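Here is the structure we will look at, set down as structure tokens.
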Amino acid sequence: MKVGIIGLGLIGGSLGRAIVKKTDCTVYGFDIDNHAMVEGKLLNAYHHELNKENAKEMDMIFFSLYPEVLEQSLDEYCPLLKKGAIVLDCCGNKRRVVKQMQSLSKKYGHLDFISTHPMAGREFSGISHSTATLFDRASMILVPVKADLKRIKEVKDFSLELGFNNVVISTAENHDKIIAFTSQLAHLVSSSYIKSPTASEFMGFSAGSFRDMTRVARLSPEMWAQLTVDNADFLTGEIDNLINSLTEYKDALANKDKAKMKELLSDGNEKKLLSEKMRRNKNNE
């Protein structure tokens, strides 16, 4: 199988390296940044350069791009692809890209469209930080746009081959609602937390808690600005929930109400234990 990857950053580069290492597929890669192309070749992220001429040979093509760039790239490449090619993106939001894919599927009925979200990443960006094992034991979310069960299974099996241990089928709406909480809110909280004036005095006073809370404050501002603004409705709802919860803690402190604070902390502890139990049960299925 011939697989194309457009966008050789952390995710696209890791996809390429995983496909090259773990499958018999031939990978064609392209990035507008020549440095990424050179480094991608050295890191075995692709076998050949993808271009407008050989795009018609792709059986599957991933668009690993920022949302605003993705739209233009999809419009550019879809007319070049052969019948039966599977078009996939790797964006962190789904409603916007799925809407475009739905429109494109009517224009290019010979193509299949599945929106994907590899649930893996690092606090670093760029192909230099890519790894062939980034997706090991991670989840892959699939949002089918125009594809039958056979094609969906094909992408699911391919994902498992790359190291993902869990493939979730979702709608665009449900994906964006949940991802606002599990990913985007965490990045905004981390970014806000590190802005405390006390943060400059952390040396010698920090352990795992500080490291865990600040890890995802290191990010690509351009990408995360796009993702958060595109998902503003769900994300602002999650921020409101967080503010309400923090206000309860603040009020308990203001009133020096130890019993209320214990109640709030116990509730949070129980919810964390429940989430861990749910994860263990899922992994044991």
Side-chain angles (χ1 to χ4, degrees), residues 4-17 29-40 43 45-46 50 61-77 87-101 104 115-131 134-135 138 140-141 143 172 175-196 199 211-239 242:
I5 301 174
I6 300 175
L8 297 175
L10 173 65
I11 299 300
S14 294
L15 269 174
R17 295 179 70 177
F30 175 77
D31 195 287
I32 195 170
D33 183 353
N34 187 61
H35 175 75
M37 290 296 293
V38 172
E39 193 160 2
L43 292 172
Y46 65 93
L50 179 70
I61 183 165
F62 287 91
F63 292 80
S64 184
L65 302 167
Y66 290 178
E68 293 176 1
V69 182
L70 172 66
E71 294 178 353
Q72 179 182 346
S73 192
L74 281 171
D75 284 335
E76 186 178 351
Y77 274 88
V87 180
L88 313 103
D89 78 288
C90 301
C91 274
N93 291 336
K94 290 299 158 212
R95 285 175 294 173
R96 178 174 175 176
V97 66
V98 163
K99 183 178 180 180
Q100 185 189 9
M101 283 184 166
L104 289 170
S115 191
T116 82
H117 188 179
M119 293 304 297
R122 303 178 67 188
E123 60 269 35
F124 308 103
S125 60
I127 193 167
S128 58
H129 298 289
S130 66
T131 72
L134 183 67
F135 310 115
M140 171 65 100
I141 302 175
V143 179
H175 170 278
D176 288 359
K177 175 180 180 292
I178 297 175
I179 217 70
F181 172 70
T182 61
S183 177
Q184 294 166 359
L185 181 66
H187 283 78
L188 294 190
V189 169
S190 184
S191 181
S192 300
Y193 176 81
I194 196 62
K195 293 177 183 178
S196 167
R211 182 181 63 249
D212 292 344
M213 279 291 293
T214 59
R215 183 180 68 83
V216 293
R218 180 166 182 170
L219 45 69
S220 165
E222 175 66 25
M223 181 182 76
W224 283 97
Q226 289 186 37
L227 291 174
T228 53
V229 171
D230 279 352
N231 209 27
D233 52 350
F234 285 130
L235 187 52
T236 52
E238 291 297 341
I239 292 173
L242 179 62

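Because the structure is predicted, anything quoted here is derived from the model rather than measured.
- Within the 4.5 Å cutoff, the side chain of Leu15 has heavy atoms near those of the Phe62 side chain.
- Leu134 approaches Ser14 most closely through the heavy-atom pair CD2-OG, 3.4 Å.
- Side chains of Tyr46 and Asp31 form no contact here, defined as non-hydrogen atoms less than 4.5 Å apart.
- Counting heavy atoms from C-beta outward, Asn93 and Gln184 have side chains that approach closer than 4.5 Å.
- When every heavy atom of Leu74 is checked against every heavy atom of Gln100, the shortest pair comes out as CD1-OE1, 3.4 Å.
- In terms of the side-chain contact (heavy atoms from CB on, under 4.5 Å) criterion, residue partners of Ala217 (sequence neighbours excluded) are, by chain and number, Ser190, Ile194.
- With sequence neighbours excluded, no residue forms a side chain to side chain donor-acceptor pair (under 3.5 Å) with Glu238.
- Counting all heavy atoms, side chain and backbone alike, Leu65 lies closest to Cys91 at O-SG, 3.5 Å.
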For this session: Determine, stepwise, if the pair Ile179 / Met119 fulfils side-chain contact (heavy atoms from CB on, under 4.5 Å).
Result: CA-CA 10 Å; Ile179 217 70; Met119 293 304 297; 3.5 Å; yes
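- Qualifying side-chain contact (heavy atoms from CB on, under 4.5 Å) partners for Leu188, counting only residues two or more places apart in sequence or in other chains: Thr228, Leu235, Ile239.
- From Phe135, atom CZ reaches atom CD1 of Ile11 across 4.5 Å, with rounding to the nearest 0.5 Å.
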For this session: Output, in order, the C-alpha distance, side-chain angles, deciding distance and verdict of side-chain hydrogen bond (donor to acceptor under 3.5 Å, both in side chains) for Arg95 and Asn231.
Result: CA-CA 9 Å; Arg95 285 175 294 173; Asn231 209 27; 2.7 Å; yes
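- Remark: His35 engages no residue in a ring pair (Phe, Tyr, Trp, His ring centres under 6.0 Å) (not counting sequence neighbours).
- Every residue was checked against the ring pair (Phe, Tyr, Trp, His ring centres under 6.0 Å) condition with Tyr66, not counting sequence neighbours, and none meets it.
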For this session: Verify side-chain contact (heavy atoms from CB on, under 4.5 Å) between Phe63 and Val97, making sure each step is shown before the conclusion.
Result: CA-CA 11 Å; Phe63 292 80; Val97 66; over 6 Å; no
For this session: Test Val216 against Trp224 for side-chain contact (heavy atoms from CB on, under 4.5 Å), laying out the working first.
Result: CA-CA 11 Å; Val216 293; Trp224 283 97; over 6 Å; no
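- Taken from CD1 in Ile61 to OG in Ser73, the straight-line distance is 7.5 Å, to the nearest 0.5 Å.
- For the pair Val87 and Leu104, the minimum side-chain heavy-atom distance is 4.5 Å or more.
- With sequence neighbours excluded, no residue forms a salt bridge (Lys or Arg N to Asp or Glu O under 4.0 Å) with Glu222.
- Between Arg17 and Leu43, the closest heavy-atom pair is NE-O, 3.4 Å.
- Two residues are said to be in side-chain contact when any heavy atoms from C-beta on lie closer than 4.5 Å; Arg96 and Glu68 meet this criterion.
- Contact between Leu242 and Val189 at its shortest, heavy atoms only, is CD2-CG2, 3.4 Å.
- The minimum heavy-atom distance linking Leu10 with Ser125 is given by the pair CB-CA, 4.4 Å.
- For the atom pair Ser220 OG and His187 NE2, the distance stands at 10.0 Å (nearest 0.5 Å).
- Looking only at distances, no side-chain donor or acceptor of Lys177 sits under 3.5 Å from a matching main-chain atom of Ala172.
- If you take OG1 on Thr116 and CD1 on Ile141, they are separated by 9.5 Å, rounding to the nearest 0.5 Å.
- Ile6 places none of its side-chain heavy atoms less than 4.5 Å from the side chain of Leu70.
- Within the 4.5 Å cutoff, the side chain of Val143 has no heavy atoms near those of the His117 side chain.
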